[in-house]
Amino acid sequence: MKTIFLHALKKSYLLILGWGIGLALLGGYLIAFYDTMVEQQGMMDQLIKNMPEELFAFFGGMTDFTKPEGYLSIEFFSYMPLIFGILAALQGSGMLAADEENGSLDLLLAHPVSRAKVFLARFLALIGILLVINGLIWLGFLIALNQSTLESTPLQLLLPFVSLWTFSMLFASLGLVLSMILPSRGAAGMTAGLILVASYFLTSLVNIDNRLQSFERFSPMHYYQSGYALNGINLEWFSGLTAAWIILTFLAWLKFSARDIRVGGEGGWDLPRWMTPSTKPKEAAQK
């Protein structure tokens, strides 16, 4: 199990470094730019007044952009769920299905290792990948914090990343369970991505139309705290998202433990027998 876990991490080291260091540099730049934003507050206030409200719907509003939580939400954490969620969904959908489609998973399971150990090791590696990427970004923020007047402690700065990681784990687990149901990794990743984009747009459009609030409560984005987690994690929201991805992971395990492993290539829709057209009448007629 340890070998499978380390191998999964080793395969993803370029992904970890690319995403982690790249977004860490972006975060460091944004932290350094905070002082300039504060100095130009008067000009920004006037600019915002002349802009239509709908323009800022996808950034959570611009009324508190000079506060640390508001600035980080607008400049970074408002769009990170969309970017990071797609990454997580693709990683989750490919956790097992990618090796199924290239024909290597059945070879792995031919060795004296149980499905449970393979699933657990791969899933722990998935958790680790998303944790390390978030950790690298947080370090980039933390280094730049020493060169900025943005007021935040290292622990406070960590909290938005906890919210982002939990949110991304939800879509990683969703991609995983869909990969056990749908014919291919591509179909699973695309479906999870569509759900993510729909959730993002629904939660953003609530800032324009309050009539959507009754529907928006079912959106995962509703429970994402963005940069406002600097003021403290909402434990109820955090627990809800955590429970959701644990349940999805368990469902994925149940499906994986009971299904046949594809030798290579994409599979079928795995429909119940009563939904599958019967070929017996045709066979009887041919006889």
Side-chain angles (χ1 to χ4, degrees), residues 1-20 22-23 80-111 113-134 136 164-197 199 220 244-270:
M1 178 174 164
K2 179 181 178 181
T3 303
I4 298 172
F5 170 76
L6 293 176
H7 177 68
L9 285 180
K10 184 178 179 181
K11 285 199 310 182
S12 303
Y13 80 95
L14 288 177
L15 173 81
I16 294 171
L17 293 177
W19 280 79
L23 290 175
M80 271 300 108
L82 195 58
I83 297 174
F84 217 73
I86 291 176
L87 168 67
L90 291 175
Q91 290 298 301
S93 65
M95 190 184 95
L96 296 167
D99 284 349
E100 272 192 302
E101 293 177 4
N102 65 30
S104 61
L105 185 60
D106 61 320
L107 296 176
L108 173 61
L109 293 175
H111 292 77
V113 57
S114 66
R115 289 196 183 195
K117 288 183 178 180
V118 171
F119 185 93
L120 182 58
R122 290 286 182 86
F123 189 72
L124 289 176
L126 176 62
I127 291 175
I129 289 168
L130 297 179
L131 275 176
V132 173
I133 292 175
N134 272 282
L136 288 173
L164 178 61
W165 174 80
T166 309
F167 181 84
S168 64
M169 280 302 305
L170 174 64
F171 281 92
S173 300
L174 178 61
L176 174 60
V177 73
L178 288 174
S179 71
M180 297 291 105
I181 300 171
L182 299 180
S184 68
R185 175 195 181 182
M190 181 185 68
T191 304
L194 288 174
I195 295 173
L196 170 63
V197 172
S199 174
W245 70 254
I246 289 175
I247 292 171
L248 287 173
T249 304
F250 180 69
L251 293 176
W253 155 243
L254 290 179
K255 186 65 178 175
F256 177 66
S257 62
R259 71 198 287 265
D260 294 331
I261 300 299
R262 299 194 295 266
V263 175
E266 298 182 0
W269 284 93
D270 196 18

Of the non-hydrogen atoms in Leu126 and Gly92, which two are nearest, and what is the gap between them? CD2-CA, 4.0 Å
Rounded to the nearest 0.5 Å, the CG atom of Asp260 sits from the CG atom of Asp106 at a distance of 11.5 Å
Can you check whether Ala8's main-chain N or O pairs, donor with acceptor, with Ser12's side chain at less than 3.5 Å? yes
Expected output: side-chain Ser168 to main-chain Leu164 donor-acceptor under 3.5 Å: yes
So, the side chain of Asp99 versus the backbone of Met95: is there a donor-acceptor pair under 3.5 Å, distance only? no
Indicate the atoms forming the closest heavy-atom contact of Ala192 with Leu178, along with that distance. N-CD1, 3.8 Å
Taken to the nearest 0.5 Å, the spacing of Asn134 CG from Phe84 CZ works out to 4.0 Å
Mutual orientation of the aromatic rings belonging to Phe123 and Trp245 [parallel < 30°, tilted 30-60°, perpendicular > 60°]: tilted
Calculate, to the nearest 0.5 Å, the distance between atoms CE and CG belonging to Met169 and Leu176 respectively. 9.0 Å
For Arg185 versus Glu101, what's the shortest heavy-atom pair and its separation? N-OE2, 2.7 Å
Test side-chain contact (heavy atoms from CB on, under 4.5 Å) applied to Lys255 and Val177, step by step: CA-CA 8 Å; Lys255 186 65 178 175; Val177 73; 5.8 Å; no
Locate the shortest heavy-atom distance separating Ile83 from Trp19; write the atom from each residue and the value. CG2-CZ3, 3.4 Å
In Å, rounded to the nearest 0.5 Å, how long is the span from CG of Leu82 to CZ of Phe167? 8.5 Å
Closer than 3.5 angstrom, by distance alone: can the side chain of Ser93 be matched with the main-chain N or O of Leu90 as a donor-acceptor pair? yes
State, to 0.1 Å, how close Leu105 and Leu96 come at their nearest heavy-atom pair, and which atoms those are. CD2-O, 3.9 Å
Working to the nearest 0.5 Å, report the span between CD of Glu100 and CG of Leu108. 11.5 Å
Please walk me through it: do Thr249 and Phe119 pass side-chain contact (heavy atoms from CB on, under 4.5 Å)? CA-CA 10 Å; Thr249 304; Phe119 185 93; 4.0 Å; yes
Given the rule in the side-chain contact (heavy atoms from CB on, under 4.5 Å) test, do Val113 and Met1 qualify, once you have shown the distances and angles that lead to the verdict? CA-CA 8 Å; Val113 57; Met1 178 174 164; over 6 Å; no
Side-chain contact, heavy-atom cut-off 4.5 Å: Lys10 with Leu6? no
In Å and rounded to the nearest 0.5 Å, what is the CG to CE distance from Leu87 to Met80? 10.5 Å
Worked verdict on Leu120 versus Ile4 for side-chain contact (heavy atoms from CB on, under 4.5 Å): CA-CA 9 Å; Leu120 182 58; Ile4 298 172; over 6 Å; no
On a heavy-atom basis, the closest approach of Ala88 and Leu130 is CB-CD1, 4.1 Å
Under 3.5 Å: donor-acceptor pair, side chain of Ser114, backbone of Lys117: yes
Kindly indicate whether a cation-pi arrangement holds for Arg122 with Phe5, taking the cut-offs as under 6.0 Å to the six-membered ring centre and within 45° of the axis. no
